[in-house]
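Everything on this sheet refers to the single structure shown next.
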2 protein chains.
Amino acid sequence: MIQSVDRAIRVLTALQGARRMSLSELAERLELPPPTVHGIVRTLVAHGMVVQDRSSSRYQLGPAVLRLGNVYLDTLELRSRSMAWAEELGRRTGFAVRVGVLMAEDVVIIHHEPRPDGSRQMPEVGIVIPANASALGKAMLAFLPDETDVLLAGPPLRSMTGATVADPDEFRRQLADVRKTGLAFECDEAVLGESCVAGAVFDSTGLAVGAVAVVVPTTEWPVSDAVTEAVRTTARTISRELGATRWPG
Amino acid sequence: MIQSVDRAIRVLTALQGARRMSLSELAERLELPPPTVHGIVRTLVAHGMVVQDRSSSRYQLGPAVLRLGNVYLDTLELRSRSMAWAEELGRRTGFAVRVGVLMAEDVVIIHHEPRPDGSRQMPEVGIVIPANASALGKAMLAFLPDETDVLLAGPPLRSMTGATVADPDEFRRQLADVRKTGLAFECDEAVLGESCVAGAVFDSTGLAVGAVAVVVPTTEWPVSDAVTEAVRTTARTISRELGATRWPG
DNA sequence: AATTACATTCGGCATTGTCGAATGATGCTC
DNA sequence: GAGCATCATTCGACAATGCCGAATGTAATT
């Protein structure tokens, strides 16, 4: 691990959390002397990854990271293969649809199909949800190859709401269910009033590369069998497009 | 400029251009020995900025860059202030609306309001357009503080279509017009069949921090005075929200 | 005007990253 | 299926590089 590169990324991550930071705040956060941080930030600024507000002289993320994010989306085969099916899933069920991938212990949303009722909704692409508190996350965690309860090995499960599963044994049982059916559920665990049904998506190597979910207001929970069936069908179809030969169940 | 950080960003930039690259391709592109690149890439992978495809062992951008991009958007005051007004501009004119910021010699789109005719359109947030070939770019370049024809100092203007302004003198004249009126125009210069009217957006320090534009099919070009007026009003309104005290004209 | 807080520059020291050479992994050819 | 070729990855010695204490510049505050 190259020290300065690692530090540079930690600068970006810090700015990700705090939006705008002065040099000394950054230095304190990273536990490094200000001149050291300054050198790193200088380099990031030169490439547009970070910009410095002229009036306050504080730093924040720059437009270059947006361009990177956009290219990432274009690169993802999962995304391009999902889009049409996600739209259909939304139309058939009447719910918003999310597609996500796993990043360490979180899920990153790579596609978002708004509810087809015409209501104005924020795009959710790029947002991050703790994997343990989301159906999308559970769907992928259940199929991690390295028999992973990495999550369970580390610090206790992050709790988002009162409904977040906190007990490791309960969590393991849920994952076992997911492995059987291919479907994962979440009710109020990440956001109150929001529940999801998710299906894992596999690629040709048989790994879970992503997951697709419908987002359901908890007032309409539990959903009909038709909806869970639609999620299952969508997840299986996308998997097949990616070259997967098998799907659970 | 810290060497290894600079190199890491150049790795990301290379992956941005080529989507997927093997280590040796990367090394050749950066003109560095493979082990050097490997160390950098290793660090990027550890943070999810880059992922390695298991089957082909090639590298591509990772989900962490998407999250960064999303946070950047959230941070931007310009974006949050623009959204409502961009929507109104779209409704009133019937055209798609873009909001962009300057990044070196390019414009990065930070907000995109689709044409309100209900047709399905790709989101354009994060895409990059050469500043010299776009109305958005001209609107901002005209007000760069350091009397900048940085663009004109460097290599010749990048040409996107036959209509791209290539002559430096002509370009300077256009910028002078923009300084007078606050509005910039573009007809087929970036993409054939696509024309734009853009207005610069200023912040409280009087600097052009962005620009807003309507995107018009060239078949409907030139647009009516009502449309250019609407763009001007929108740009001025957003500027005022950002604390600007004056606007050209 | 004086003071404080902060960003930024400078330069010597030693830590750090660099890159040639060696090893391991994978896929291709005969 | 053995041998070969290509590419990713590891290792380690050297010295170039980046690190950070001290000094300076800058801007806001009293």
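Residue numbers begin at 1 in each chain, while the letters A, B, ... track the order of the sequences.
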Contact under 4.0 Å: [X] side-chain N or O vs [N] OP1/OP2:
| X | N | value |
| --- | --- | --- |
| B/Gln3 | C/dT18 | yes |
| A/Ser22 | C/dA7 | yes |
| B/Gln52 | D/dC7 | no |
| B/Tyr59 | D/dT9 | yes |
| A/His38 | C/dA7 | no |
| A/Arg7 | D/dC19 | yes |

For B/Pro35, answer base if it contacts any base atom (sugar-phosphate contacts may also be present), sugar-phosphate if it contacts only those atoms, and nothing otherwise; contact means non-hydrogen atoms under 4.0 Å.
base
Measure [atom1]/[X] against [atom2]/[N] and give the value in whole Å, please.
| X | N | atom1 | atom2 | answer |
| --- | --- | --- | --- | --- |
| B/Glu28 | D/dC7 | CD | P | 10 Å |
| B/Leu32 | D/dA16 | CG | P | 17 Å |
| A/Asp53 | D/dA28 | CG | P | 12 Å |
| B/Leu26 | D/dT9 | CG | C1' | 15 Å |
| B/Met1 | C/dT9 | CE | P | 13 Å |
| A/Glu31 | D/dC19 | CD | P | 16 Å |
| A/Leu30 | D/dC20 | CG | P | 11 Å |
| A/Asp6 | C/dT16 | CG | C1' | 13 Å |

I want to verify a distance call: between [options], whose nearest atom is closest to the [X] side chain?
| X | options | value |
| --- | --- | --- |
| A/Leu23 | D/dA8, C/dT8, C/dA21 | C/dT8 |
| A/Arg42 | C/dG20, C/dT16, C/dT9 | C/dT9 |
| A/Ser24 | D/dA8, D/dT10, C/dC6 | C/dC6 |
| A/Pro34 | C/dT8, C/dG20, D/dA8 | C/dT8 |
| A/Thr36 | C/dT16, D/dC20, C/dA7 | D/dC20 |

Side chains of [X] and [Y]: closer than 4.5 Å at any heavy-atom pair?
| X | Y | result |
| --- | --- | --- |
| B/Leu78 | B/Val101 | yes |
| A/Arg19 | A/Leu61 | no |
| B/Pro130 | B/Met160 | yes |

Comparing A/Ile2 and A/Glu25 on DNA chain C - which has the more 5′ nearest nucleotide
A/Glu25
Test side-chain contact (heavy atoms from CB on, under 4.5 Å), reference A/Leu102, set A/Val108, A/Val209, A/Leu144, output is A/Leu144
With a 3.5 Å distance limit and no angle check, can you tell me whether B/Thr43 reaches the backbone of A/Ile2 through a side-chain donor-acceptor pair?
yes
Spacing of B/Leu141 atom CG and B/Arg179 atom CZ [to the nearest 0.5 Å]
10.0 Å
